[in-house]
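Below, chain A is the first sequence line, B the second, and so on; all start at residue 1.
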Amino acid sequence: MGRSPCCEKAHTNKGAWTKEEDEKLISYIKAHGEGCWRSLPKAAGLLRCGKSCRLRWINYLRPDLKRGNFTAEEDELIIKLHSLLGNKWSLIAGRLPGRTDNEIKNYWNTHIKRKLLSRGLDPQTHRPIDVPGRDPFPSTPKQQDTSMADQDATTMKMAQAARVSSDGGYLDLDLNLDLTISLPYHSSLQLPS
DNA sequence: AAAATTGACAACCGCGATTCT
DNA sequence: TAGAATCGCGGTTGTCAATTT
C-alpha cells in the first residue's frame, strides 16, 4: 500500500527559501504560533510542504537561535554527549541552547569527526583507532598518546557516572561534568558498559 | 586564469514513533 | 483496536564558496 506523500509535490516549491517565503513563515508563526505543520503552508500562503516549513523554522528562522561559530566548550560538550548518546542529535541539541540538531549534525560531520580522528579516536566509538602498523599521527606521536589517554579516562568516568533511575521510565545521566540530562528511556539506548 | 577539488551548510527524503479517528 | 494521518529524527544530497592544482 505505502504511505501517502506529505504534500502535493506538483504544487510545492523546492530548494532554497526566498526572503519573501521566510517573511511569510515568520509572520504567520508570530501571529498563530507553531501548530499543525501540514496545514500551515496553505494558511500562510506558502507553496511549500509542511515538513519544509517546519525545518526552515526550526533550523534557521527561530528567534532563539544562536548561530555563529561553536565555542571550544560546545565542542567538548558535543563530543561528550555523543560518546554517551551516539547520533541522537536532537537530544544533544537539547543540551546546547540556541543550537539545532541539524546544525550539530553538520558540525559533527565537518569538524568534530576530523578533530577526533586527529586525536586518534574513532568518531563513532570514541575509542582509540588501533590499526596495527599504522600511525595516525606520524608527526606528533607524543601528543596523540596524551590526548587518547585523557579521552579514554573521561569516557570511563562518564560511564561510571551514568545511572538509571526507575521513576517514570526516565534515564538520568549524571555526567559528573556539571551536566545532568534526562531523556525518555528507550531499550535501544545503549549505555557504555 | 580556468578547471578541479574540498569544505560547509541548507534542505530533502524515508521511515519509525506518536496521535487521531 | 486497527488503520490513517501527522510529526520528528537521522541520513543523505545539492549547492555554492573557497582553495588548490
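- Rounded to a whole Å, the CZ atom of A:R38 is 14 Å from the P atom of C:dA4.
- Applying the salt bridge (charged side-chain N to carboxylate O under 4.0 Å, His left out) test to residues at least two apart or on different chains, the pairs with a partner in residues 54-65 of chain A are A:D22-A:R56, A:R62-A:D64.
- Rounding to whole angstrom units, CH2 of residue A:W89 and P of C:dC9 are separated by 14 Å.
- As rounded to whole Å, 15 Å separates atom P of C:dA5 from atom NZ of A:K51.
- Here A:S39 pairs with A:C36 under the side chain to side chain contact (heavy atoms under 4.5 Å, CB included) rule; sequence neighbours left out.
- Residue pairs satisfying the salt bridge (charged side-chain N to carboxylate O under 4.0 Å, His left out) criterion with at least one member in residues 100-110 of chain A, sequence neighbours excluded, are listed as follows: A:R99-A:E103.
- The CG atom of A:L91 sits 14 Å away from the P atom of B:dA17 (whole-angstrom rounding).
- With contacts defined as side-chain heavy-atom distances shorter than 4.5 Å, the pair A:N13/A:L46 does not qualify.
- For the OP1/OP2 pair of C:dC9 and a distance below 4.0 Å, the side-chain nitrogens and oxygens of A:R54 include at least one atom meeting the criterion.
- Following rounding to the nearest Å, A:L55 (CG) and B:dG14 (C1') show an atom-to-atom distance of 14 Å.
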Under the 3.5 Å Watson-Crick or G-U criterion, the dot-bracket string of DNA chain C, with | for inter-strand pairs: .||||||||||||||||||||
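- A:T100 is linked by a side chain to side chain donor-acceptor pair (under 3.5 Å) to A:N59, counting only residues two or more places apart in sequence or in another chain.
- Within residues 101-115 of chain A, the residues having any heavy atom under 4.0 Å from DNA chain B are, by residue number, A:N102, A:N106, A:T110, A:H111, A:R114.
- Scored by the ring-ring contact (aromatic ring centres under 6.0 Å, His included) test, A:W17 finds no partners at all (sequence neighbours excluded).
- What separates CZ of A:R56 from C1' of C:dG8 is a distance of 19 Å, to the nearest Å.
- Within the structure, a side-chain polar atom (N or O) of A:N87 is placed less than 4.0 Å from OP1 or OP2 of C:dG11.
- Put simply, A:S90 has no side-chain N or O that comes within less than 4.0 Å of OP1 or OP2 on C:dG8.
- We find that NZ of A:K14 is positioned 13 Å from C1' of C:dT12, with the value rounded to whole Å.
- Between A:H126 and A:H82, the ring planes are tilted. Angles from 30° to 60° get that label.
- Considering only residues two or more places apart in sequence or on other chains, A:Y107 meets the side chain to side chain donor-acceptor pair (under 3.5 Å) condition with A:D75.
- Note on residues 24-34 of chain A: pairs passing side chain to side chain donor-acceptor pair (under 3.5 Å), not counting sequence neighbours, are A:E34-A:W57.
- Summarising the geometry, the separation between CH2 on A:W37 and P on B:dT18 is reported as 20 Å, rounded to the nearest angstrom.
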